[in-house]
Amino acid sequence: MLNIAVLVSGGGTNLQSIIDAAEAGEINGQIKVVISNKENAYGLERARKHNIEAVFENDEEKVIEILKEKEIDLVVMAGYLKIISPRFVNEYKNRMINIHPSLIPSFCGKGFYGKRVHQGVLDYGAKVTGATVHFVTEGADEGPIIMQEAVPVMQDDDADTLAARVLKVEHKILKKSVGLICDGKVKVDGRRVYINE
């Protein structure tokens, strides 16, 4: 069973999807700690409601110390809106994943987060968007892709309606990706990720 840490900055609905999957036995892992760089992030409250240690910490060195102390095997960035250092990335190389609300490599990277992603999709006139789970590397949203799922853009969509539909897919593919990693079914070779289901 893998020890999991989840990093959040906001409401933590993706965190909740992992908590629910772990409690339902869908994930062979245990969330040992939830860490947020925002003291009032609702994700911390979600953790406390499930008796998971919840920590507010904005200092990256201290975050790494906590992860080592808890013997964390997998770090999940679930709406963690903070750029991390190359040292942090290398410390958890191929053991840190992120969820992004678009089909990478579209509408990602610097400046593309939250509703800005969905507004970018609409402004561009894209017909399809989606969500991506990927390994974290030094470049923002540039890591090897684990899983993606497409979501159609409707003609009457605004950023909120599109975000709501994409979020359902985020929950689905994030918990599935975490489950596959916990089962040892994900292998990385360069930029390619192989899943052995």
Side-chain angles (χ1 to χ4, degrees), residues 1-9 14-15 17-19 21-22 24-35 60-61 63-68 70-113 117 120-121 126 128-151 166-197:
M1 181 175 282
L2 295 192
N3 291 333
I4 301 167
V6 184
L7 308 186
V8 299
S9 292
N14 275 309
L15 161 65
S17 74
I18 302 168
I19 291 172
E26 296 169 22
I27 290 173
N28 187 24
Q30 180 178 8
I31 303 172
K32 300 288 276 189
V33 64
V34 173
I35 303 173
E60 187 179 275
E61 284 301 318
V63 170
I64 294 170
E65 276 177 32
I66 293 165
L67 298 178
K68 288 186 169 180
K70 303 283 181 197
E71 299 180 339
I72 296 301
D73 302 300
L74 176 65
V75 179
V76 180
M77 296 173 72
Y80 190 61
L81 302 178
K82 182 177 167 82
I83 299 296
I84 61 173
S85 72
R87 176 183 180 290
F88 193 177
V89 170
N90 289 324
E91 194 74 50
Y92 286 90
K93 184 177 169 70
N94 295 338
R95 296 189 301 139
M96 184 185 301
I97 66 173
N98 182 47
I99 180 81
H100 183 76
S102 78
L103 294 175
I104 291 174
S106 296
F107 308 103
C108 65
K110 192 172 180 183
F112 278 110
Y113 59 88
V117 176
V121 168
V128 177
T129 185
T132 304
V133 180
H134 64 93
F135 284 105
V136 176
T137 57
E138 291 182 27
D141 301 324
E142 291 179 8
I145 292 168
I146 302 164
M147 195 169 285
Q148 292 183 303
E149 188 169 317
V151 173
V166 170
L167 190 59
K168 288 179 183 171
V169 170
E170 288 181 54
H171 295 165
K172 176 182 164 188
I173 67 172
L174 182 60
K175 71 179 181 181
K176 186 165 185 188
S177 296
V178 170
L180 290 166
I181 291 168
C182 287
D183 287 341
K185 293 181 174 176
V186 176
K187 300 284 178 258
V188 190
D189 182 11
R191 283 213 51 83
R192 299 194 70 180
V193 175
Y194 297 90
I195 296 173
N196 178 21
E197 288 190 79

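Residue indices begin at 1 and follow the sequence shown.
Rounding to the nearest 0.5 Å gives a distance of 12.0 Å between CG of N28 and CG of L180. Of the inter-residue distances, the one linking M1 atom CE with I27 atom CD1 reads 10.0 Å to the nearest 0.5 angstrom. The CD atom of E91 sits 6.0 Å away from atom CD1 of I64, with the distance rounded to the nearest 0.5 Å. Between atom CG of residue N90 and atom CE of residue M96 there is a gap of 9.5 Å, rounded to the nearest 0.5 Å. Note that the NZ atom of K110 and the CG atom of D141 stand 13.0 Å from one another [nearest 0.5 Å]. Here the CD atom belonging to E138 is positioned 9.5 Å from the CD1 atom belonging to I84, to the nearest 0.5 angstrom.
Taking the side chain as every heavy atom from C-beta outward, V121 and V166 never approach each other to under 4.5 Å. Within the 4.5 Å cutoff, the side chain of I31 has no heavy atoms near those of the V76 side chain. Between V8 and Y80, every side-chain heavy-atom pair lies at or beyond the 4.5 Å cut-off.
The closest donor-acceptor contact from the side chain of S177 to the backbone of V133 lies at 3.5 Å or more, if one exists at all. A donor-acceptor pair is defined here as one N or O able to donate and one able to accept, closer than 3.5 Å; such a pair exists between the side chain of H100 and the backbone of F107. Not a single donor-acceptor pair under 3.5 Å links the side chain of N3 to the backbone N or O of I72. Remark: the backbone N or O of C182 is not paired with any side-chain donor or acceptor of K185 at under 3.5 angstrom. At least one donor-acceptor pair under 3.5 Å links the side chain of T132 to the backbone N or O of S102.
When only modelled atom types and interatomic distance are considered, E170 and N14 share a side-chain donor-acceptor pair under 3.5 Å.
Under the side chain to side chain contact (heavy atoms under 4.5 Å, CB included) test applied with I4, the options V75, V33, V178 reduce to a single match, V178. Across K168, K176, H171, a single residue satisfies side chain to side chain contact (heavy atoms under 4.5 Å, CB included) together with S17, and that is H171.
No more than 12 heavy-atom neighbours from other residues, nucleotides or ligands sit within 6.0 angstrom of OH on Y113.
Salt-bridge check for K82 with E60: failed, with every basic side-chain N at 4.0 Å or more from each acidic carboxylate O. Between K32 and E71 no salt bridge is recorded (no basic side-chain N to carboxylate O distance below 4.0 Å).
Closest heavy-atom contact between E149 and L103: O-CD2, 3.6 Å. When all heavy atoms of L67 and A5 are compared, the closest pair comes out as CD2-CB, 3.4 Å.
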* To do: Given side-chain contact (heavy atoms from CB on, under 4.5 Å), test V193 with V186 step by step and report yes or no.
  => CA-CA 7 Å; V193 175; V186 176; 3.6 Å; yes
